[in-house]
Visitor: 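If you scroll down you'll find the structure; I have some questions about it.
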Amino acid sequence: MKRVADNGNAFVRAGGERTAGMTGLFKVSQRSVRVPSRGTIHRLVNKLRETGSVLDKKRKRRRTVLTEETLDDIGQRLENYPKKSLSRLSQQTGISYGSVQRATKLLQLKLETSSSSISLRDMSLSSRDKTTLVEIMGDEKQVPSTKFDPGVNQDELIMQQQRRIEKEISETTALVGDMEGFSTLEEEYAGDDIYCQKVRDLAGKYKSMRRTRPDGNCFFRAFSYAYLERLLDNHEEYERFRDLAAKSKDNLVALGFPQFTVEDFHDTFMEVVDNVGQGPTKFSQNDLHKLFNEQGYSDYIVVYLRLITSGQLQRDSDFYQHFIEGDRSVADFCHQEVEPMYKESDHIHIIALSTALNVGVRVRYMDRGEASEVIAHDFPEGSHPAVHLLYRPGHYDILYP
C-alpha cells in the first residue's frame with residue numbers, strides 16, 4: 001500500500017499509480033457487495049486531495065501563532081540543552097510538536113542528531129503538523145542551510161519535510177504494533193523522574209500496552225482495534241454492536257452525508273465486523289492484527305469511524321457547540337477537524353464516538369502534571385470502560401488491564 005500526500009492531505013491507494021488500482025481496497029466477501037466504479041474512486045481521491053475531506057465543504061487551515069515570548073522560551077531551553085528532543089520540548093512548553101518545529105526554523109537553530117535526542121518513538125508523542133527539520137533525520141549531505149532565506153517558499157519546504165518524515169514513519173512503524181511490557185516505555189524516559197514514576201504507576205494498573213502509528217489517526221485506530229479485539233470472544237456484546245453498525249449507514253445518509261461515499265466505507269467496515277463475528281476459532285486475534293496492518297482495510301475503518309463521529313457531533317450540535325472554540329459551527333468543525341484523515345483527536349472526538357457507539361472508553365493521561373499517578377478520564381462520564389487507552393501529548397496507544 002502507498003499513501004499519497006498532496007498539499008498536506010493524504011489518502012490511501014493500492015499498488016500502482018493508476019486510480020484503477022484503488023479497487024484493490026474493496027474486498028468482496030461471500031455476500032454481494034457493490035464494488036465502486038473507477039469514476040467514483042477518482043472523484044473521492046481528487047476530493048480528498050483538494051479539500052482534505054470526502055464531503056463537500058473545503059477544509060480551512062488554522063495555524064498556531066508563535067509569540068515572541070514563546071520563541072524566547074524555546075530558544076533559551078535549546079541553548080541550555082542543545083540535545084533536547086522536540087517531543088520533550090513540546091511537553092515542557094505546552095505547545096504542539098509542530099509549533100516547536102516551526103519555532104526552531106524561525107530561531108535558525110539546528111538540532112544535533114543522536115539516538116538520544118530524537119527517534120521515531122520520540123516522534124510518537126506528536127502527530128499534528130509533523131513538519132520536522134530535514135537536518136534531524138537526513139544524511140549530512142542533504143542538510144540544507146539553516147540560514148533563513150526570504151526568497152525560499154518556506155511552506156513548500158515544510159511540506160517536503162513533512163512528506164519525508166511521514167515516509168520514514170510509514171516504512172519503520174507498524175500501523176498497530178505487537179503487545180509489549182512497560183519496560184520499553186520506561187527506557188524512553190530514562191532520567192526523567194516524573195515520567196518514570198508515572199510509567200511505574202501504569203505498570204501497576206495494566207499488564208501490557210500496544211503502540212499505534214503516530215499519524216494523526218491513532219485514536220480511531222487504537223479504539224477500533226481494542227474494541228474489535230474485545231468482541232472476538234464476547235458474542236453478546238458483538239451482536240449489539242453489529243446491529244448498531246449495520247444501521248449506522250442509513251443514519252449518516254439521513255443526516256445528509258453522500259450515500260455513494262458512506263456506502264463504500266460502510267461495506268468495508270462491515271466486512272471487518274463480520275469477520276470478527278466468526279469468533280476466535282475462525283478469525284483469530286492474529287488475523288485481526290494482520291488485517292489492521294493492511295492499510296487499505298485499516299484506513300477505511302478509520303475513515304468510517306470519523307464519519308460516525310462527525311454524524312454524532314452534527315446530530316447533537318446544540319450540545320457540542322459549547323466545546324468548540326471560536327466562531328466555527330459544529331459542521332465547520334467536523335469538516336475541518338473530524339472528517340479529514342490524519343487530523344488529531346481531542347476530548348470532543350472521544351465523547352462523540354463513545355456516545356454514538358455506546359462504548360465506554362477510559363483514557364489515562366500521562367503528562368508532566370505533579371500527580372505521581374496517571375490520571376484516568378472515562379467517556380462518557382460514569383460509563384464502564386470497554387476500551388483503555390494511554391494518551392501522551394499528541395498520541396494514543398492501547399492499554400490492557
Side-chain angles (χ1 to χ4, degrees), residues 9-13 22 25-26 33-34 36 40-41 43-59 215-225 227-228 241-274 292 295-317 319-320 323-324 328-346 348-359 361 379 387 396:
N9 303 314
F11 193 67
V12 178
R13 67 182 179 188
M22 278 290 290
L25 294 173
F26 299 88
V33 176
R34 181 179 64 83
T40 296
I41 297 171
R43 287 194 298 274
L44 280 171
V45 172
N46 284 340
K47 184 176 291 186
L48 277 161
R49 286 176 176 172
E50 295 167 5
T51 70
S53 173
V54 295
L55 300 185
D56 296 327
K57 291 197 175 181
K58 290 189 176 181
R59 171 184 172 191
D215 60 1
N217 296 318
C218 52
F219 163 69
F220 290 102
R221 205 178 318 272
F223 171 89
S224 54
Y225 185 102
Y227 188 59
L228 291 176
F241 177 74
R242 194 202 181 284
D243 182 64
L244 185 152
K247 295 175 181 177
S248 62
K249 178 187 72 174
D250 293 337
N251 293 336
L252 289 173
V253 172
L255 285 169
F257 288 77
Q259 182 167 350
F260 78 92
T261 300
V262 173
E263 203 168 65
D264 290 337
F265 292 116
H266 179 260
D267 286 345
T268 300
F269 184 75
M270 290 307 300
E271 181 182 346
V272 176
V273 171
D274 286 340
F292 262 83
Q295 195 149 15
Y297 277 110
S298 196
D299 278 21
Y300 265 51
I301 293 169
V302 169
V303 169
Y304 194 67
L305 290 182
R306 285 183 175 277
L307 294 178
I308 289 177
T309 304
S310 176
Q312 178 66 27
L313 288 169
Q314 295 182 66
R315 183 182 297 108
D316 294 336
S317 59
F319 171 74
Y320 290 109
F323 295 88
I324 298 174
R328 286 188 293 181
S329 67
V330 171
D332 287 340
F333 177 82
C334 289
H335 298 323
Q336 297 163 18
E337 306 294 341
V338 181
E339 292 156 13
M341 290 287 279
Y342 312 109
K343 295 293 289 187
E344 286 186 6
S345 301
D346 208 337
I348 190 170
H349 300 72
I350 306 175
I351 295 170
L353 183 62
S354 60
T355 300
L357 299 180
N358 193 24
V359 176
V361 180
F379 304 92
V387 172
Y396 295 86

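Counting from 1, the numbers follow the sequence of the chain as shown. Please read these numbers as outputs of a predicted model, since none were measured by experiment.
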Visitor: What about F379 and H349, are their ring centers closer than 6.0 Å?
Guide: no
Visitor: Measure from the side-chain N and O atoms of S298 to the backbone N and O of Q295, and report whether any donor-acceptor pair falls under 3.5 Å.
Guide: no
Visitor: Do the non-hydrogen side-chain atoms of S329 and D332 ever get within less than 4.5 Å of each other?
Guide: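 Of all side-chain heavy-atom pairs linking D332 with S329, at least one is under 4.5 Å.
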Visitor: Tell me every residue that passes side-chain hydrogen bond (donor to acceptor under 3.5 Å, both in side chains) with T309, counting only those two or more places apart in sequence or in another chain.
Guide: none
Visitor: Taking C-beta and beyond as the side chain, do Y396 and I350 meet within less than 4.5 Å on heavy atoms?
Guide: yes
Visitor: Would you sort out whether F257 and E339 count as a side chain to side chain contact (heavy atoms under 4.5 Å, CB included), showing the intermediate values?
Guide: CA-CA 11 Å; F257 288 77; E339 292 156 13; 4.0 Å; yes
Visitor: Please tell me if the side chains of F265 and I301 come closer than 4.5 Å, counting only heavy atoms from C-beta onward.
Guide: no
Visitor: Ignoring hydrogens and angles, tell me if any N or O in the side chain of D215 forms a donor-acceptor pair with the backbone of Y342 under 3.5 Å.
Guide: no
Visitor: Can you list the residues that meet the ring pair (Phe, Tyr, Trp, His ring centres under 6.0 Å) rule with Y320, with sequence neighbours excluded?
Guide: none
Visitor: Just to verify, what does F269 make a ring pair (Phe, Tyr, Trp, His ring centres under 6.0 Å) with, not counting sequence neighbours?
Guide: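 Once residues adjacent in sequence are excluded, the partners of F269 under the ring pair (Phe, Tyr, Trp, His ring centres under 6.0 Å) criterion are Y304.
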Visitor: Under 4.0 Å between a Lys/Arg side-chain N and an Asp/Glu carboxylate O for D274 and R242?
Guide: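 So D274 pairs with R242 through a salt bridge.
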Visitor: Determine yes or no for a side-chain-to-main-chain donor-acceptor pair under 3.5 angstrom, with S354 supplying the side chain and I351 the backbone.
Guide: yes
Visitor: Using a 4.5 Å cut-off on heavy atoms from C-beta on, say whether the side chain of E271 contacts that of Y297.
Guide: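 Yes, side chains in contact.
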Visitor: How long is the gap from CD on Q259 to CG on D264, to the nearest 0.5 Å?
Guide: 10.0 Å
Visitor: So Q312 and L353, do their side chains get closer than 4.5 Å, heavy atoms only?
Guide: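 With C-beta onward as the side chain, the pair stays apart.
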Visitor: With sequence neighbours excluded, give me every salt bridge (charged side-chain N to carboxylate O under 4.0 Å, His left out) pair touching residues 305-316.
Guide: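 Residue pairs with at least one partner in residues 305-316: there are none.
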Visitor: Under the side chain to side chain contact (heavy atoms under 4.5 Å, CB included) rule, what do V338 and K343 come out as? Steps first, then yes or no, please.
Guide: CA-CA 7 Å; V338 181; K343 295 293 289 187; over 6 Å; no
Visitor: What distance do D299 atom CG and R221 atom CZ have between them, rounded to the nearest 0.5 Å?
Guide: 4.5 Å
Visitor: Let me confirm one number: the CD1-NE2 distance from I308 to H266, rounded to the nearest 0.5 Å.
Guide: 7.5 Å
Visitor: Could you tell me which non-hydrogen atom of L244 sits nearest to which non-hydrogen atom of A356, and how far apart they are?
Guide: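 Nearest pair, atom of L244 first, then A356: CD1-O, 3.7 Å.
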Visitor: For the residue pair F223 and Y227, does the interplanar ring angle fall in the parallel (under 30°), tilted (30 to 60°) or perpendicular (over 60°) class?
Guide: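 Aromatic pair F223/Y227 classed parallel.
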Visitor: For the residue pair Y225 and F292, does the interplanar ring angle fall in the parallel (under 30°), tilted (30 to 60°) or perpendicular (over 60°) class?
Guide: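 Judged by the thresholds at 30° and 60°, the geometry between Y225 and F292 is perpendicular.
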Visitor: Are the side chain of D346 and the backbone N or O of I348 linked by a donor-acceptor pair below 3.5 Å?
Guide: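 Side chain of D346 to backbone of I348: no pair is present.
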Visitor: Decide yes or no for C334 and V330: does some side-chain heavy atom of the first lie under 4.5 Å from some side-chain heavy atom of the second?
Guide: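 Side chain of C334 against side chain of V330, heavy atoms only: contact under 4.5 Å found.
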Visitor: If you look at every heavy atom in G311 and L255, which pair is closest and at what distance?
Guide: O-CD1, 3.5 Å
